[in-house]
Structure formats: structure tokens, C-alpha cells
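Hydrogens, waters and symmetry mates play no part in the numbers below; they use all other heavy atoms, side chains included.
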Amino acid sequence: QVQLVESGGGLVQAGGSLRLSCAASGRTFGSYDMGWFRQAPGKEREFVSAHRWSGGSTVYSDSVKGRFTISRDKTKNTVYLQMSSLDPGDTAVYYCAADAEAWDIIATKCAEYDYWGQGTRVTVSS
């Protein structure tokens, strides 16, 4: 019903920048929350950032505040994660996700999201 495809990952040196993209298809997302999560080897998947597609709400985890920025292009059905000042601790597979049943508070937990992309790998070297 909904397909999400991430792109933009790769290898970057510490202090560098990357922009991840998540292209959505299958339906529009008027009331969806669009989230970014990441999973490092041997660790649980963790919340990174989320944005309400209709606008008005953006949330970041403490570890990325001030360095990452989430945005959208409604004409392209695409959400972006601009990552700056990257650190080796940011190395992970990054996933985009969509919560089709957004309530008053934006979703920040994996279990709250209904659709997931395949992930894109980000490696930050020292």
C-alpha cells in the first residue's frame, strides 16, 4: 500500500555532511508522521527525528539536535534528513518510516510506525 525507499547513504569523514532521502509512493500522507530511525551493529533501533507531513511539528533526539535537520518536498513525496558535523557514533543503517495514524503527539517509537523502508547505510570514519 505504501512504499518507502531511502537513498543517500555512504562513507563520509568525521565532520562531514550527508543528505538522506526517503521517497514515498502508494498514497498521499496528509496526516502521516514521517520518521527517521537508525540501527548500529548489535544495538536496538533508535529514534532520530520525525516530522508531521501536514506541517507544524518536528522532533529530534537529543543526540542529533543541532546537527540534523528533517525536511520535506511535498511535490516529490520525499522527506529528507540533512546530517552535518557527523561523528563515528552516527554510523548506522538509517531507516525512514511512516505512521499512518498520527494523533496529537508525534510518534517517536518504532512500534508506532506502520511502514518502513529498506534502510540506507551511513559510515562515518575518523
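Between Tyr115 and Tyr32, the angle of the ring planes stays under 30°, which puts this pair in the parallel group of the 30/60° scheme.
Summarising the geometry of Asp114 relative to Ala100, their closest heavy-atom pair is OD2-N, 2.7 Å, with the distance given to 0.1 Å. The two residues Val79 and Ser71 have their closest heavy-atom pair at CG2-O, 3.1 Å. Across every non-hydrogen atom of Leu4 and Cys96, the tightest pair is CB-SG, 3.7 Å.
Applying the side-chain hydrogen bond (donor to acceptor under 3.5 Å, both in side chains) rule to Asp33 yields the partners Arg52; only residues at least two apart in sequence or on another chain are considered. Taking Ser61 as the reference, Ser63 meet the side-chain hydrogen bond (donor to acceptor under 3.5 Å, both in side chains) condition, with sequence neighbours excluded. Under the rule for a ring-ring contact (aromatic ring centres under 6.0 Å, His included), the partners of Phe47 that lie at least two apart in sequence or sit in another chain are Phe37. Applying the side-chain hydrogen bond (donor to acceptor under 3.5 Å, both in side chains) criterion to Tyr113, with sequence neighbours excluded, gives no partner residue. Residues forming a side-chain hydrogen bond (donor to acceptor under 3.5 Å, both in side chains) with Thr58 (at least two apart in sequence, or on another chain): His51. In this structure, the side chain to side chain contact (heavy atoms under 4.5 Å, CB included) partners of Thr69, at least two apart in sequence or on a different chain, are Tyr60, Gln82.
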N/O donor to acceptor pairs below 3.5 angstrom from side-chain atoms of residues 118-126, sequence neighbours left out:
| unit_1 | atom_1 | unit_2 | atom_2 | d |
| --- | --- | --- | --- | --- |
| Gln118 | NE2 | Glu6 | O | 3.1 |
| Gln118 | NE2 | Glu6 | OE1 | 3.4 |
| Thr120 | OG1 | Gly9 | N | 3.1 |

Extract all donor-acceptor atom pairs below 3.5 Å that involve side chains of residues 11-24 and protein atoms in other chains or at least two apart in sequence.
none

- Starting from the C-alpha separation in whole Å, work towards a yes-or-no answer on side-chain contact (heavy atoms from CB on, under 4.5 Å) for Val59 and Ser49. CA-CA 5 Å; Val59 180; Ser49 183; over 6 Å; no
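Residue pairs that meet the salt bridge (charged side-chain N to carboxylate O under 4.0 Å, His left out) test with at least one member in residues 59-70, sequence neighbours left out, are Asp62-Lys65, Arg67-Asp90. Listed by first and then second residue, the disulfide bond (SG atoms under 2.5 Å apart) pairs that reach into residues 33-92 come to none, sequence neighbours excluded. Annotation: salt bridge (charged side-chain N to carboxylate O under 4.0 Å, His left out) contacts involving residues 72-86, sequence neighbours excluded, are absent.
Residues Tyr94 and Met83 are in side-chain contact: their nearest non-hydrogen atoms beyond the backbone lie under 4.5 Å apart. Taking 4.5 Å as the limit, every side-chain heavy atom of Ile70 sits out of range of all side-chain heavy atoms of Tyr80. Between Trp53 and Asn77, some side-chain heavy-atom pair lies under the 4.5 Å cut-off.
One distance of note links CD1 of Ile105 with CD of Glu112; it measures 10.5 Å at 0.5 Å rounding. With rounding to the nearest 0.5 Å, the separation of NZ in Lys43 from CZ in Arg38 is 9.0 Å.
Under the 4.5 Å side-chain heavy-atom criterion for ILVMFWY residues, no single connected hydrophobic cluster contains both Met34 and Ile106. Under the 4.5 Å side-chain heavy-atom criterion for ILVMFWY residues, no single connected hydrophobic cluster contains both Tyr95 and Trp36.
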